[in-house]
Amino acid sequence: MLTKVWQVEYACGWNLYTMKFIGIWPEERSFDRISSYKVLIGIAFIILFCTLPQSIMLCLDRDDFDMVMENLSVDNMNGTIAFIKMICFWSSGGQMKDLLSAMEKDWKEIPTKEDEKKMMKQAKFSRILATRATFICYALIAVYAVKRCLSMRTDGRLLFLSSYFPYETMTSPIFELTFICQVIGSVYYTTAYTTVDTFLAMLILHVCEQLSRLQNELIDLNSKIKDLLTAMEKDWEEVIRMEDKDKMMKYAKYSRILSTKVNAFCYSLIAIYATTRCLSMRTEGRLYFFPSYFPFETMTSPLFEFKFVGQTIGAIYYSVTYTAVDTFLAMLILHVCGQLSRLRNDLIHLNTDTRKNFQMQLNYIVERHNHLNR
């Protein structure tokens, strides 16, 4: 069970509070939990006072182009999209919670202060993005509400959103209650619209930083592989007894045969498959090396031949990469086995005239063993 990591909540920013407010914060849903139904409050305000009345108004004013455009641009489309987002996000609460748990695990596995600093930079950016996006949306709602109120001085009573209701809405207190409910519905769908997007943006930024970490580790891996090869050269220079040299040559020969035969086997498979595809063309017509889709016509010469040759070269490249990496690692493992065999022989023949020489050789064996373990 993973414990809470404060950096994850820090990266979420206001999303932590706004998503809990509208009831879509990632968590396991169940029918016996009251919090699972909190989202229905926001959905009710959005549908009953925003999208549904506006959709009815859209049908009534379908011949008025300006009214149709205002209806769609101000609230109707945005409210519908927000409603869909709320439903999808609410129903995926368990999966989203797993993503947050994976983020917590990533934060716990940070190896260096430099990586932590980079991840905190992305978390801070995610926090600022969520905060500013939510603030701008609330500010727009406030400005629009003030504008509608000021317009009533000349145009009479106006609802927050141009909508149709099956009851008289211009009398007090029905007008004020409907106006407030439309404002609440707008706050709900605006919150859902922005928080889902900024939450996904936070996840994407986190993934980008993890990919950056992997890139740095691959760069470091290149230097580590060079160090391994240098250590292998040093091991060969330190061989004294012919018995140890013969054993190391035995492992080296086996590694060489393994890599040669594996590569020859892969090349043979590619050659056989290419020949089979070419022979099949005599009865089935032109065939790619691999069944593939290209966004242009490739069955005419010379494009077909170029594509066939290109796919063959690609198959050779990934086969070489696949086998070369595995056989290279096998070679390193076999070399380590040879070094452990050397240490075993050194322990068997550990017999010197003086106590000092005995301790020197034993220290050497211990240091070499620790070096190989690393």
Side-chain angles (χ1 to χ4, degrees), residues 14-15 18-25 29 36-93 130 132-201:
W14 276 14
N15 286 342
T18 54
M19 295 177 86
K20 286 184 177 181
F21 167 69
I22 62 177
I24 62 173
W25 176 251
R29 314 294 182 195
S36 298
Y37 300 98
K38 190 177 181 181
V39 69
L40 297 178
I41 300 174
I43 291 175
F45 273 102
I46 293 172
I47 293 178
L48 297 178
F49 294 97
C50 296
T51 56
L52 183 58
Q54 279 212 309
S55 297
I56 297 173
M57 180 64 74
L58 181 64
C59 295
L60 297 176
D61 296 333
R62 59 184 178 275
D63 296 329
D64 189 336
F65 181 76
D66 293 335
M67 289 296 295
V68 169
M69 293 304 297
E70 179 184 356
N71 185 301
L72 294 175
S73 61
V74 173
D75 173 76
N76 206 338
M77 290 184 63
N78 296 330
T80 304
I81 294 173
F83 165 70
I84 296 173
K85 286 182 177 181
M86 288 179 71
I87 295 297
C88 295
F89 209 84
W90 177 83
S91 61
S92 304
R132 290 184 178 179
T134 305
F135 174 77
I136 290 172
C137 290
Y138 290 162
L140 287 175
I141 293 175
V143 171
Y144 186 77
V146 172
K147 176 179 175 295
R148 296 292 282 185
C149 292
L150 293 176
S151 299
M152 294 182 197
R153 301 173 62 183
T154 56
D155 300 334
R157 288 187 167 184
L158 298 170
L159 292 174
F160 185 74
L161 301 170
S162 299
S163 310
Y164 170 81
F165 291 95
Y167 54 85
E168 179 57 45
T169 57
M170 291 297 116
T171 58
S172 297
I174 302 298
F175 171 76
E176 290 78 4
L177 291 175
T178 304
F179 190 95
I180 293 172
C181 288
Q182 285 191 317
V183 173
I184 295 174
S186 299
V187 171
Y188 265 108
Y189 83 70
T190 302
T191 301
Y193 201 102
T194 56
T195 52
V196 171
D197 288 347
T198 53
F199 183 86
L200 295 177

Engineer: Which pairs pass salt bridge (Lys or Arg N to Asp or Glu O under 4.0 Å) with one or both residues in residues 47-57, sequence neighbours excluded?
Structural biologist: none
Engineer: Taking only residues at least two apart or on different chains, which pairs with a member in residues 77-88 satisfy salt bridge (Lys or Arg N to Asp or Glu O under 4.0 Å)?
Structural biologist: Lys85-Asp197
Engineer: Can you give me the closest heavy-atom contact between Ile46 and Gly185, atom names plus distance?
Structural biologist: CG1-O, 3.8 Å
Engineer: Rounded at 0.5 Å granularity, tell me how far CD1 in Ile87 sits from CD1 in Ile24.
Structural biologist: 10.0 Å
Engineer: Looking only at non-hydrogen atoms, find the nearest pair between Phe160 and Tyr144 and report the distance.
Structural biologist: O-CE2, 3.1 Å
Engineer: State, to 0.1 Å, how close Ala133 and Thr198 come at their nearest heavy-atom pair, and which atoms those are.
Structural biologist: CB-CG2, 4.0 Å
Engineer: How long is the gap from CG on Leu52 to CD1 on Ile56, to the nearest 0.5 Å?
Structural biologist: 4.5 Å
Engineer: Would you sort out whether Cys181 and Phe45 count as a side chain to side chain contact (heavy atoms under 4.5 Å, CB included), showing the intermediate values?
Structural biologist: CA-CA 7 Å; Cys181 288; Phe45 273 102; 4.0 Å; yes
Engineer: From Met152 CE over to Leu159 CG, what is the distance, rounded to the nearest 0.5 angstrom?
Structural biologist: 7.5 Å
Engineer: According to side chain to side chain donor-acceptor pair (under 3.5 Å), does anything in residues 40-51 pair up with another residue at least two apart or in another chain? List the pairs.
Structural biologist: none
Engineer: If you take all heavy atoms of Met19 and Phe89, which pair is closest and at what distance?
Structural biologist: CE-CE2, 2.9 Å
Engineer: Which residues pass the side chain to side chain contact (heavy atoms under 4.5 Å, CB included) test with Leu177, not counting sequence neighbours?
Structural biologist: none
Engineer: When rounded to the nearest 0.5 angstrom, what is the spacing between SG in Cys137 and OH in Tyr193?
Structural biologist: 9.5 Å
Engineer: Restricting to side-chain hydrogen bond (donor to acceptor under 3.5 Å, both in side chains), what partner residues turn up for Thr190, sequence neighbours left out?
Structural biologist: none
Engineer: Closest approach of Ile47 and Phe83, non-hydrogen atoms and distance?
Structural biologist: CD1-CE1, 3.6 Å
Engineer: Just verifying a value: how many Å separate Ser163 OG and Leu60 CG, rounded to the nearest 0.5 Å?
Structural biologist: 11.0 Å
Engineer: Supply the atom-to-atom distance Thr80 OG1 to Tyr189 OH, rounded to the nearest 0.5 angstrom.
Structural biologist: 10.0 Å
Engineer: With sequence neighbours excluded, what pairs up with Phe21 under the ring pair (Phe, Tyr, Trp, His ring centres under 6.0 Å) test?
Structural biologist: Tyr188
Engineer: Sequence neighbours excluded, which residues qualify as side chain to side chain contact (heavy atoms under 4.5 Å, CB included) partners of Lys38?
Structural biologist: none
Engineer: Among Ile43, Thr195, Val196, find the one that has a side chain to side chain contact (heavy atoms under 4.5 Å, CB included) with Met86.
Structural biologist: Ile43
Engineer: With sequence neighbours left out, write down each residue that passes side chain to side chain contact (heavy atoms under 4.5 Å, CB included) with Thr171, or none if nothing qualifies.
Structural biologist: Glu168, Ile174
Engineer: Taking side-chain hydrogen bond (donor to acceptor under 3.5 Å, both in side chains) as the test, write out the residues that go with Tyr138, two or more places apart.
Structural biologist: Thr191
Engineer: Between Cys59 and Tyr164, is the side chain to side chain contact (heavy atoms under 4.5 Å, CB included) condition met? List the steps.
Structural biologist: CA-CA 10 Å; Cys59 295; Tyr164 170 81; over 6 Å; no
Engineer: My understanding is that only residues two or more places apart in sequence, or in another chain, count here; which of them pass ring pair (Phe, Tyr, Trp, His ring centres under 6.0 Å) with Phe165?
Structural biologist: Tyr167
Engineer: Kindly write out the residues that satisfy salt bridge (Lys or Arg N to Asp or Glu O under 4.0 Å) with Arg157, not counting sequence neighbours, or none if the list is empty.
Structural biologist: Glu176
Engineer: Can you see which heavy atom on Ser186 is nearest to which on Cys50, and at what distance?
Structural biologist: N-SG, 3.9 Å
Engineer: Sequence neighbours excluded, which residues qualify as side-chain hydrogen bond (donor to acceptor under 3.5 Å, both in side chains) partners of Thr194?
Structural biologist: none
